[in-house]
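Below you'll find the structure, written out as structure tokens, and then a few comments.
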Amino acid sequence: MSAAPQDAAGGGTLAGYNFAYLDEDTKRMIRRALLKAVAIPGHQVPFGSREMPLPYGWGTGGIQVTASVIGPDDTLKVIDQGADDTTNAVSIRRFFGRVAGVATTERTAEATVIQTRHRIPETPLREGQILVYQVPMPEPLFRLEPRVAETRRLHALGDYGLMHVKLYEDIARRGEVTISYNYPVMVNGRYLMSPSPIPAFDNPKMDRMPALQLFGAGREKRIYAVPPYTAVRSLDFEDHPFRPNRADAACALCGSRDSYLDEVVTDDRGGRRFLCSDTDYCERRRAEQ
Amino acid sequence: MAYVAVKGGEQAIGNAHAWLDEARRGDAALPAVSVRQIEEQLSLAVDRVMAEGACHDRSLAALAIKQARGDLIEAAFLLRAYRTTLPRFGASLPLDTGAMRVRRRVSATYKDLPGGQVLGPTFDYTHRLLEFALAADEGEPPVPAPEVPADGATAPRVTGLLAQEGLMADEPPSDAEPGDLTREPLEIPADRPLRLQALARGDEGFLLGLGYSTQRGYGNAHPFVGELRMGEVAVEIAPPELGFAVEIGDILVTECQMVNQFAGSRHEPPQFTRGYGLVFGQGERKAMAMALVDRALRSAELGEETGAPAQDAEFVLYHCDNVEATGFVEHLKLPHYVDFQSELEKLRSLRAAVAAGAEREAAE
């Protein structure tokens, strides 16, 4: 252990702090966890999550993963709820601007690293890009079994009966699965995984995605990953196939009928408008029109 | 012997109090912190003491903090002990938080909505990097934040917007005067007004832990912050001899309306239900935790699965009061000589019986 600062990048960063905030030993520890996570797709790897200068719940896991994989030549995009202009996305982008001095962008196609909370961009990702998810509860079974020691055992045994029964009971009682976001997925046919609280609408984008998907849960101290082109299947039954939903409307700005929409309340008399949640996608479409 | 012990005790207490006064003052070469300074510069501590002390008076809360050396539970205790001596004139009319002069108002469920999102003075998006410049005493006062003139638009409550569509479970209003925990002892089962009253006075840390547990699977919450708002509201009372309402002042409050999924029952369709939090001053963490626990405590009446700690009304309501809790936990340091003596004797006699039995067995 050397006490000397190991400034990986030199200029452009905050005085007194290493490039991208974390010290290089911490980054190495996180990268090792990431390598293990990539080697065992969907498996939750415990890691020595650090205290970050943003609160737990704001994306400390995603920030640590981003800080560990980002280099001075990367271009970072940060979205929250699909949008670059949401307060938390602005804050995290500023944080990396401040501690890493990297280039940032709002364009999905231009980014090499995209940190996200609750969405997958509408624009398909390509090889070489990394999508970093902020994860609040990495354990997909936690609502059914809150004890971590027990869920670890269930994962080891591949025993996912609890979740299948939950889905079955939903269908038996309500006629459909009642999960609308954070919809559980089976990764590479082996591990049940939380896709993070993205709308179920986004789940199919995870399947065989050319980009690397990394998941960081800071408070719960877990990292997991889906390597490029890995099979990701939303849990369902043959006679009740997975059915994601979105608002049955078109974007009021770009007219898209395919993108995920946010509902905006315009008055207190029931007025509503629908807008693309992915602001970059919406702007690109409007620019093309 | 007993005489000496009592006199010694009196002197010891006097000396301890003198030492406490000295310790509170700290280094006498430094200027004393004034109650006004605490009120202005430690305003969130003042808010917390008002909430847990169940008494809205900023200067008294600041005094309590000064007297308690910054121990906020001790300060809440001081304030409660004062509060209990005040006469009770009656109950106010329900606060109209919809008419709040909003300083902060955020919704996590709608990107935009009438009245807009107003961040206000929040730590939320600060980077937690120590600002060493603040350590220098006589720093320049900060540049005033830019002000945007109020557009006069009202900010209707999000739960009301959902209710218009029938998506929010109906909670019929009631004109009944709510119970008063400070005058009548808590009885279980407690109705919701009483539960909310207990939670509003409850310990922030305890409620925070319980609320957190519902998010981690111990109680299965599916919460969304429909809305969080902080600002001034008018307090009105309607004295019976007047027959109409009069405004007696404005108070700063934080309100959290947590929107939760409800799967429905035999009598009700699937809909959203509300968890509610309201605290004096700017107390967002407390208001949110309170709203989570309020909703968890409704699980039995909604026919949901129960069994998690946060869903157990008796457990939560009997243990959330930090003045009660700190009293009983800390009382363990009081003398228990007599009881302990009887325990000693009992233990010796039990051990003697065991030893006698062993000897008998060995002899046989």
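Order of the sequence lines sets the chain letters (A, B, ...), proteins ahead of strands, with each chain counted from 1. The figures here come from the full heavy-atom set of this structure, side chains too, leaving out hydrogens, waters and symmetry mates.
Screening A:V99, A:L54, A:I92 for a side chain to side chain contact (heavy atoms under 4.5 Å, CB included) involving B:H127 leaves a single residue, A:L54.
Taking chain B as the reference chain and counting heavy-atom pairs below 4.5 Å, the highest number among A:S91, A:S277, A:G270, A:A83 is found for A:S91. The candidate with the highest count of non-hydrogen atom pairs below 4.5 Å against chain B, out of A:R269, A:R94, A:E220, is A:E220.
Few gaps surround CZ on A:R174; more than 12 heavy atoms of other groups in view lie less than 6.0 Å from it. Atom CD of B:E301 sits in a crowded spot, with more than 12 heavy atoms from other residues, nucleotides or ligands closer than 6.0 Å. More than 12 heavy-atom neighbours from other residues, nucleotides or ligands sit within 6.0 angstrom of CG on B:D96. More than 12 heavy atoms of other shown residues, nucleotides or ligands fall within 6.0 angstrom of atom CZ in A:R93.
In this structure, the portion of B:L119 lying under 4.5 Å from any heavy atom of chain A is its side chain and not its backbone. At a 4.5 Å heavy-atom cutoff, the contact between B:Q215 and chain A is made by backbone atoms alone. Of the atoms belonging to A:T266, it is backbone heavy atoms, and not side-chain ones, that fall under 4.5 Å from chain B. With a threshold of 4.5 angstrom between heavy atoms, B:A308 does not approach chain A through any atom at all. Neither the backbone nor the side chain of B:S107 comes within contact range of chain A; no heavy atom of the residue lies under 4.5 Å from a heavy atom of that chain. The parts of A:N88 that come within reach of chain B are both its backbone and its side chain, each placing non-hydrogen atoms under 4.5 angstrom from that chain.
Minimum heavy-atom separation, B:A221 to A:R143: O-NH1, 2.6 Å. Minimum interatomic distance between B:P156 and A:D268 (heavy atoms only, all atoms of both residues): CG-CB, 3.8 Å. Counting all heavy atoms, side chain and backbone alike, B:Y218 lies closest to A:P146 at CE1-CB, 3.4 Å. The two atoms that bring B:L129 and A:P53 nearest to each other are CD2-CB, 3.9 Å, heavy atoms only.
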Derivation of the side chain to side chain contact (heavy atoms under 4.5 Å, CB included) call for B:H222 and A:N182: CA-CA 11 Å; B:H222 295 258; A:N182 208 348; over 6 Å; no
Pair A:V264-B:Y110, side chain to side chain contact (heavy atoms under 4.5 Å, CB included): steps then yes or no: CA-CA 6 Å; A:V264 174; B:Y110 292 109; over 6 Å; no
B:R128 vs A:E51, salt bridge (charged side-chain N to carboxylate O under 4.0 Å, His left out): CA-CA, chis, key distance, verdict: CA-CA 10 Å; B:R128 270 43 166 220; A:E51 301 283 350; over 6 Å; no
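Within the 4.5 Å cutoff, side-chain heavy atoms of A:R219 are placed close to those of B:Y212.
Counting only distance, with no hydrogens or angles, the side chain of A:W58 and the backbone of B:D124 share a donor-acceptor pair below 3.5 Å.
The NZ atom of B:K111 lies 11.5 Å from the CZ atom of A:R273; values are rounded to the nearest 0.5 Å.
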